[in-house]
Amino acid sequence: MASGDAADVDLAVAAARRAFESAEWSAITPYQRSTMLLQIADVLEANAEELATLETLEMGGAFGMTRWMVDHSVEVFRHYAGWPTKIYGQTAPATPGQFSYVLRQPLGVVAAITAWNGPLLQLSWKVAPALATGNTVVAKPSEQTSLTALRFADLLARTDLPRGVVNIITGTGPEVGESLIRHPDVDKLSFTGSTAVGKHLLEASSSNLKRVTLELGGKSPTIVFADADLEAAAKGSATAFLAGSGQSCVAGSRIFVETSAREEFSRLLAAEMATYTTGDPFDPSTLMGPLASRKHFDRVVSYFDVAREAGAVVTQGGRWEGEDGLFVKPTLVENVTNDMRVAQEEIFGPVAVLMPFEDIDEVVRLSNDTVYGLAASVWTKDLTRAHTMAERLEAGSVWINNPGVMSAGTLPFGGFKQSGIGREHGTDVIEAYTETKTVIVTL
Ligand code: NAD
């Protein structure tokens with residue numbers, strides 16, 4: 001894979017700036033921008049099989065999942081195609097002798113830096129709102145999964161999008177990423193990746209006070225009360241930490257179960273975990289493909305020793321004993337306390353800890369006792385308890401009686417605490433990609 005350098009970043013940012021200032025982009029109507037976003041959705045849809053195939057080849061994700069992620073990206077572009085014609089300014093209460101109004105304008109050049117676990121999906125979450133609001137983009141996909149971003153650039157040539165509005169540059173974090181986050185002509189950074197790199201990015205981007213959106217890591221709780229439909233809760237809990245082989249920012253990797261339901265829930269969860277077939281990601285019966293890279297695999301399996309050394313017990317799963325490949329079985333760790341590394345650190349593999357709790361106060365305290373705050377899933381039939389939990393949990397998304405629903409634009413998504421800054425989607429996203437300008441006219 002070709003790897004760019006600082007000089008390539010300069011060229012890409014200059015191209016994005018030229019496009020931003022060109023009449024071809026800045027002087028078109030909102031309706032024309034909508035049309036281009038719809039065209040992007042159409043070309044992605046027409047090439048969905050190929051795009052999903054590339055993603056499965058690059059990161060090992062089960063084809064059913066990568067195909068879903070492409071469909072989701074199509075939906076995201078269609079969602080944002082509705083925005084350009086609906087972004088309004090404001091008029092302010094009149095001061096005698098003055099007329100005041102507020103314009104909402106694009107920021108300029110947006111750098112989009114993404115992780116490897118949902119390449120096209122994450123790109124769509126950044127490129128679509130950036131274009132809908134009239135910005136231009138330089139996107140750097142993860143060096144591990146750059147193929148769909150490159151194919152995306154090819155496909156854009158089949159739309160009316162002017163040249164230079166979207167630029168893709170491949171390369172490593174330390175080289176291309178670093179040049180982008182420090183670049184004086186980049187106005188906004190939209191980043192999806194680890195909390196460690198997110199913190200670094202915040203510092204490095206401060207030289208010209210770039211606007212920043214950060215979507216970072218998580219260690220999300222799944223909370224099962226004894227009154228829940230335990231079968232549904234077991235199914236949902238398994239999905240929450242096994243989908244994508246657990247390589248998901250919102251993975252429900254800490255499962256809390258009310259003590260009185262522990263035995264039955266554990267039995268049901270074990271049965272669900274056993275249905276997660278692992279193997280060739282192109283085989284339609286496979287639910288979990290291999291992990292994305294050898295380095296990542298080594299890191300994930302190292303947590304089995306981390307757990308044992310702390311006194312925890314791997315009660316299900318563990319190392320794969322079948323054919324060669326970066327496979328990890330659906331794994332459950334018990335005899336865990338919330339302060340153990342296995343309960344606090346993002347493992348990013350098909351590994352969850354199971355911990356019992358006695359009452360609502362205890363489970364709220366345990367759930368919130370983490371540096372992260374991306375998502376939480378609550379299982380109960382008691383409406384009051386469900387809404388009380390939703391209010392008390394420190395998480396950007398709370399899912400009641402479901403393992404996690406990803407909105408393709410309508411609902412805000414992002415993290416509390418060290419899971420991020422800002423939100424993608426929802427109505428807030430328009431503010432994240434625009435600047436307001438106050439105009440005061442003396443009459
Ligand atoms: P990562 O932080 O290692 O890399 C993410 C991106 O940052 C890559 O493109 C990488 O090249 C780039 N990068 C690395 N060092 C950089 C630097 N010094 N300057 C600029 N860019 C740099 O993360 P990853 O391993 O690719 O992805 C996994 C992480 O992403 C997990 O923590 C996961 O939770 C998180 N994630 C979060 C969300 C969310 O929406 N909150 C979604 C998916 C993944």
Side-chain angles (χ1 to χ4, degrees), residues 1-20 22 24-25 36-37 39-44 46-48 50-55 57-59 66 69-70 73-74 76-77 80 107-132 135-183 185-193 201 213 215 424 433:
M1 179 76 60
S3 184
D5 57 19
D8 295 314
V9 170
D10 283 342
L11 288 172
V13 173
R17 176 64 57 191
R18 268 197 310 280
F20 181 69
S22 73
E24 261 185 306
W25 181 242
M36 289 175 196
L37 285 160
Q39 289 173 341
I40 297 173
D42 289 346
V43 289
L44 292 181
N47 293 276
E50 182 200 343
L51 291 162
T53 304
L54 290 175
E55 295 212 334
L57 285 171
E58 271 194 317
M59 63 162 179
T66 55
M69 291 201 290
V70 176
S73 309
V74 169
V76 166
F77 277 100
Y80 282 98
L107 296 169
V109 175
V110 173
I113 301 180
T114 43
W116 51 263
N117 64 325
L120 186 68
L121 180 149
Q122 290 169 23
L123 191 68
S124 75
W125 283 33
K126 299 181 186 321
V127 173
L131 300 189
N135 298 282
T136 58
V137 179
V138 177
K140 188 202 94 61
S142 166
E143 52 272 50
Q144 293 183 56
T145 52
S146 302
L147 289 180
T148 38
L150 291 173
R151 187 73 181 115
F152 176 71
D154 281 345
L155 294 172
L156 289 182
R158 299 185 194 172
T159 71
D160 295 330
L161 201 72
R163 281 173 71 84
V165 172
V166 174
N167 307 270
I168 307 287
I169 178 160
T170 55
T172 65
E175 192 154 21
V176 172
E178 202 64 41
S179 306
L180 264 177
I181 63 181
R182 294 181 187 281
H183 203 290
D185 208 23
V186 168
D187 301 292
K188 178 184 170 77
L189 288 173
S190 182
F191 174 79
T192 296
L201 184 145
T213 301
E215 293 289 356
E424 296 194 291
Y433 282 90

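It should be emphasised that the depicted structure is a prediction, and the values quoted were computed from it without experimental measurement.
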Would the distance check show the side chain of [X] and the main-chain N or O of [Y] forming a donor-acceptor pair, the cut-off being under 3.5 Å?
X    : Y    : answer
K140 : G171 : yes
T170 : A2   : yes
N135 : Y433 : yes
N167 : V137 : yes
E24  : A19  : no

Do [X] and [Y] come within less than 4.5 Å of each other through their side chains, counting heavy atoms only?
X    : Y    : result
M59  : T66  : yes
E178 : I181 : yes
N117 : Q122 : yes
L44  : L51  : yes
L121 : V76  : no

For D185, which residues count as a side chain to side chain donor-acceptor pair (under 3.5 Å) partner, sequence neighbours excluded?
R17
Which atom names give the shortest non-hydrogen contact between [X] and [Y], and what distance separates them?
X    : Y    : answer
S190 : K126 : OG-NZ, 3.2 Å
V186 : A111 : CG1-CB, 3.7 Å
P141 : A139 : CD-O, 3.7 Å
A115 : G193 : CB-CA, 4.2 Å
V138 : A12  : CG2-O, 3.6 Å
T136 : A16  : OG1-O, 2.9 Å

V127 and F152: side-chain contact (heavy atoms from CB on, under 4.5 Å), yes or no, with the steps?
CA-CA 11 Å; V127 173; F152 176 71; 4.3 Å; yes
[X] side, atom [atom1]; [Y] side, atom [atom2] - distance, nearest 0.5 Å:
X    : Y    : atom1 : atom2 : answer
L201 : R182 : CG    : CZ    : 9.5 Å
L131 : I40  : CG    : CD1   : 5.5 Å
D10  : L180 : CG    : CG    : 9.5 Å
L54  : L150 : CG    : CG    : 9.5 Å
D8   : D5   : CG    : CG    : 4.5 Å

After noting the C-alpha distance and the side-chain angles of H183 and V9, does the key distance pass the side-chain contact (heavy atoms from CB on, under 4.5 Å) rule?
CA-CA 8 Å; H183 203 290; V9 170; 3.9 Å; yes
Mind running side-chain contact (heavy atoms from CB on, under 4.5 Å) on L107 and F20 for me, showing each step along the way?
CA-CA 10 Å; L107 296 169; F20 181 69; over 6 Å; no
Might you work through the side-chain contact (heavy atoms from CB on, under 4.5 Å) test for T192 and E424, ending with a clear yes or no?
CA-CA 10 Å; T192 296; E424 296 194 291; 4.2 Å; yes
Could you tabulate the donor-acceptor pairs under 3.5 Å formed by side-chain atoms of residues 153-162, not counting sequence neighbours?
| from | atom 1 | to | atom 2 | distance (Å) |
| --- | --- | --- | --- | --- |
| D154 | OD2 | R151 | NH1 | 3.4 |
| T159 | OG1 | L156 | O | 2.7 |
| T159 | OG1 | L161 | N | 3.2 |
| D160 | OD2 | Q39 | NE2 | 2.8 |

Could you tell me which residues satisfy salt bridge (charged side-chain N to carboxylate O under 4.0 Å, His left out) with E55, sequence neighbours excluded, listed by chain and number?
none
